[in-house]
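Below: the structure, in structure tokens.
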Amino acid sequence: MTDDALKDEGAPSVCNPIDPLQLPSPLHRIHHPLLTAHGVTLWCKRDDLIHPSLSGNKWRKLKYHLQQARAQGKTHILSFGGAYSNHIHALAAAGCRLGLRTTGIIRGEAASVSNATLSAARGWGMDLVFVDRQNYRRRQDPAWLAQFEDADTLIVPEGGSSPLALPGVAELVDELPFSPDLWVLPCASGGTLAGLIAGKRERERILAIAVIKGGTQLRDEVCRLHPGAATTEGWRIALDHHDGGYARFSPALWQWVQAFCAETGLPLEPIYSGKAMWGLFRELEAGHIPRGSEVVFLHTGGLQGLAGLREQGRL
Ligand SMILES: *Cc1c(COP(=O)(O)O)cnc(C)c1O
């Protein structure tokens, strides 16, 4: 299936997700005094601009899952996420666009989680099933999953991170008109990093900023998703910029992100893209980015999450 097929087929006219996909995603130069001081050139690969509701790495990771659903004649996609999940949001939009039924298994009680992310997903026709934490833990147990699926169902893992996520991410490398010295991106489940490792040219290096508290299991997970990563040189996960752990952030981080957005015009949120940019600038200040480097920061999207953070009074 080509990008065009995903662009145009079966999009019901009632869906807002029929907006065209902006591919290749734009590449924008970022100017900042600290970059100048360190002699580093920074570009941002704007995957957040691929589509207003199907943005970023979640689109990249879903692409070949959607293709597989088509190829296997599956008409229903089932996946999992938290109440503010970018993945659930993107999957619902994609299902609406392609005329596929979608189900989101959501961690939490229905009453306690009504928010902008879930309203949008519901509006695009996704069935939401709320499960408590204990049941949510069984999301990889086929016996438990059987109650939600039938012969027409394709199950996509949480966050869309499976080996099938890799080619969709890997192909973004070829959208660049040059070969950067360094890629920088946020890393949570490791699926996007695994795809970028699979796609990068040999000379290119990758700095992944862990946005969760993690240790060696993050690296292990990347190697599980992409066994070739174990023998690929030039990538590293920085583990000390998590700022408290997944979806946590300090007032200082959020202030830094807002100042950065004002200075550069680049929109960021504090959980993934903002935290990763903050991590990159901490690495820069620590002298870990060689002078003269051409760096490409992968903007993985996720800006829809800002509405949820505002609703919760966290911004
Ligand atoms: C899910 C997500 C990530 C993390 O990607 P992984 O493949 O899970 O490492 C990064 N940025 C945004 C905006 C996301 O939604």
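We count ligands from 1, going down the list as the structure has it; atoms in each ligand are counted the same way. Positions are given from 1 along the sequence.
Judged by a 6.0 Å distance limit and a 45° cone about the ring axis, K58 is positioned over the six-membered ring of Y272. A cation-pi arrangement is absent between R122 and W124 under the rule of less than 6.0 angstrom and at most 45 degrees off the ring axis. Geometrically, R219 engages W235 in a cation-pi contact, judged by NZ or CZ lying under 6.0 Å from the ring centre and within 45° of the ring axis.
A 4.5 Å side-chain heavy-atom check between F249 and W278 finds every atom pair outside the cut-off.
Residue contact check: G302 has heavy atoms under 4.0 Å from atoms 13 (C) of ligand 1. Using a 4.0 Å cut-off to heavy atoms of C187, the atoms of ligand 1 that qualify are 9 (O). Listed by number with element, the atoms of ligand 1 under 4.0 Å from a non-hydrogen atom of T192 are 5 (O), 6 (P), 7 (O). Each of the atoms 6 (P), 8 (O), 9 (O) of ligand 1 lies under 4.0 Å from some heavy atom of G190. Those atoms of ligand 1 with a heavy atom of N86 less than 4.0 angstrom away are 13 (C), 14 (C), 15 (O).
Under 4.0 Å from ligand 1, not a single heavy atom of H87 appears. Contact annotation: for V211 versus ligand 1, there are no heavy atoms closer than 4.0 Å.
With respect to atom 3 (C) of ligand 1, the closest heavy atom belonging to the protein is N57 ND2, 3.2 Å. Among all protein heavy atoms, the one lying closest to atom 14 (C) of ligand 1 is K58 NZ, 2.8 Å. When only non-hydrogen protein atoms are considered, atom 13 (C) of ligand 1 lies nearest to G301 O, 3.2 Å. Shortest contact from atom 9 (O) of ligand 1 to any protein heavy atom: A188 N, 2.8 Å. Among all protein heavy atoms, the one lying closest to atom 8 (O) of ligand 1 is S189 OG, 2.6 Å. Protein heavy atom closest to atom 11 (N) of ligand 1, with residue, atom name and distance, is T300 OG1, 2.6 Å.
Polar contact with ligand 1: absent for P186 (N/O pair, distance under 3.5 Å). Any N or O atom pair closer than 3.5 Å counts here, and Y272 shares no such pair with ligand 1.
Between I77 and the options L100, L98, T153, a side chain to side chain contact (heavy atoms under 4.5 Å, CB included) holds for only L100.
In summary, the side chains of H38 and E285 do not present any donor paired with an acceptor at a separation below 3.5 Å, with no hydrogens or angles considered.
Ring-plane geometry between F297 and H299 is classed as perpendicular, the angle between the planes exceeding 60 degrees on a 0 to 90 degree scale with a lower cut at 30.
Counted within 6.0 Å of CD on Q217, heavy atoms from surrounding residues, nucleotides or ligands total more than 12; the atom is thus considered enclosed. For E233, the CD atom is loosely surrounded, since the number of other residues' heavy atoms within 6.0 Å does not exceed 12.
Under the 4.5 Å side-chain contact rule for hydrophobic residues, L54 and L49 do not share a cluster.
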